[in-house]
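Step one of this worksheet: look at the structure below.
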Amino acid sequence: MDKLLHVSGSPHVHSDESVKKIMWSVVLALVPAFLVSVYYFGLPVIILTLVSIGCCVGFEYLIQRFMLHQKPTVDDGSAVVTGLLLAFNVPSNLPIWIMVIGALVAIGIAKMPFGGLGHNPFNPAIVARVTLLIAFPVQMTSWPVPTPLWSFHFADAVTGPTTLGLIKEGGDLTQLPTYANMLIGQMGGSFGEVSAIALLIGAGFLLWKRIITWHIPVSFIATVLIIAGIFHLVNPEVYVNPMIHLLAGGLILGACFMATDMVTSPTSPWGMIVFGCGCGLLTIIIRLFGAYPEGVSFSILLMNAVVPLINKGFKPKQFAH
Amino acid sequence: MSNSKLNILTKGFFKENPTLILVLGCCPTLAVTTSVTNALGMGMATTFVLLMSNMLISALKNVIPDKVRIPSYIVIIATFVSMIDLLIQGFLPSLSASLGVFIPLIVVNCIVLGRAEAFANKNSVFDSLLDGLGMGIGFTIALTLIGAIREILGSGSIMGFQFIPAEYHILIFVLAPGAFLVFGFVMAAVRYIVNKSEEKKKQKEA
């Protein structure tokens, strides 16, 4: 008899879920999007991703080992997810030293000072992305034009505006990528956000594994689509089709992978819906009227800040009350 | 100078640093520390006001009625602030331009009023002088430290002398979020050092 019998109070039903399992499933779910970006942006994607993950894990290990004097817990994979998501949120021609600073911000400012995994009020990857965007506005907004792997562009990649950037600057709207291209990922942008289809495959996997629930992604994306749709119906010449708002920019990446972070999102279903709608509302306000072309990361950060309030407002009913 | 007098002077430097330990005067700390020059200017102006107002309030502590002491303090402080404001405008017009409204705002700086209320109205003129000087120096140290970090990282220069090329500047440190970040980390570091030295002192006594 090698199985120990537990004698304990309730709950008696255990799941074999663990932090480790969840984190590695998220990593697995992000692999399709990673492969698509390697195909379109080439070697820099691999280097930046490895640097980002390596630095996040390394900084977490060093901080836990030498500053907090506790047993390092980097094998839970949370730092790997942070590193991967952070790398997905930068343009592929970003200098490597900026990537290192980003990893330091994510782990050293957004995560460990608050007490590590489970205690950080803000999503570390988004904090780092927003910090980099404000700190290095030039390097963070020069987007290489995707060139498929077999076209062998060894010269410096050509840079061009993102779809949303083009709309914001009132550029020539006939230059917008086609829906098909936006769906598979042939457009300028942060390298993990370009391929809608690969991200949706990953999100479907997480939904199937029940690591995320539908509430946040659906309410987030639906809010953006509905408000963008209303504006498009009122004045189609100024406000573009809501499909562009769905496929361009980081909406799918943000809604499925970053807003759903278990630590920084509400716990109850209704709370999640309020959270998702708030994210969507802020995103579309920033996209249509703000100074920045993209607002997904800002909106998630702002809504992260009110999560404790949402949790207070939508307490799950106690059993047998 | 006896040990206790020296203690009154030096406690403001680190152990009871007005910005980093007592967390007073956050507004100028966050606003004017974009460069070392600004930070030093602000620190010295505040030190002057602290020194003079502490002395005068201490000298007048038996004359000022208790019920109207706060307005009286404000009048005294405002007098010295107007003096230093006009002096800076006259002799250092560029500093006056970059510090702007924050010099007149020393009137409502809680360090100055805090020292008047907590120290000067209970202690002798000489002790108040030492306290004002110590607190002022502590404030200047804190501001200069934060200003130096923000200037080096944000604009790659120190006292206006640039030594890091422009593409390596981290813009966020010149902006408000950078001020909060640096303030927090400097506060944490100084508290860590102060706590460590206190512990050592206790161990020695024990």
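Reminder, nothing fancy here: chain letters follow the sequence lines and each chain counts from 1.
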Residues A:Phe136, B:Ile170; criterion side-chain contact (heavy atoms from CB on, under 4.5 Å); working and verdict: CA-CA 6 Å; A:Phe136 305 102; B:Ile170 306 172; 3.5 Å; yes
Which donor-acceptor pairs lie under 3.5 Å between chain A and chain B?
{"from": "A:Ala135", "atom 1": "O", "to": "B:Leu171", "atom 2": "N", "distance (Å)": "2.9"}
{"from": "A:Gln139", "atom 1": "NE2", "to": "B:Glu167", "atom 2": "O", "distance (Å)": "3.2"}

Using non-hydrogen atoms and a 4.5 Å limit, figure out which bit of A:Pro137 sits close to chain B: side chain, backbone, both or neither. side chain
Close side-chain approach of A:Ile134 to B:Leu175, heavy-atom, < 4.5 Å: yes
Not counting sequence neighbours, which residues clear side chain to side chain donor-acceptor pair (under 3.5 Å) with A:Thr283? List them please. A:Ser299
Determine which residues belonging to residues 179-190 of chain B lie within contact range of chain A, meaning some heavy atom pair is under 4.5 Å apart, and list them by number or answer 'none'. B:Leu181, B:Phe185
Value rounded to 0.5 Å, distance of CG in B:Leu153 from CD1 in A:Ile101: 8.5 Å
State whether the number of non-hydrogen atoms from other residues, nucleotides or ligands found under 6.0 Å of B:Phe13 atom CZ is greater than 12. yes
List the residues meeting ring-ring contact (aromatic ring centres under 6.0 Å, His included) with A:Phe289, not counting sequence neighbours, and say none if there are none. A:Phe231
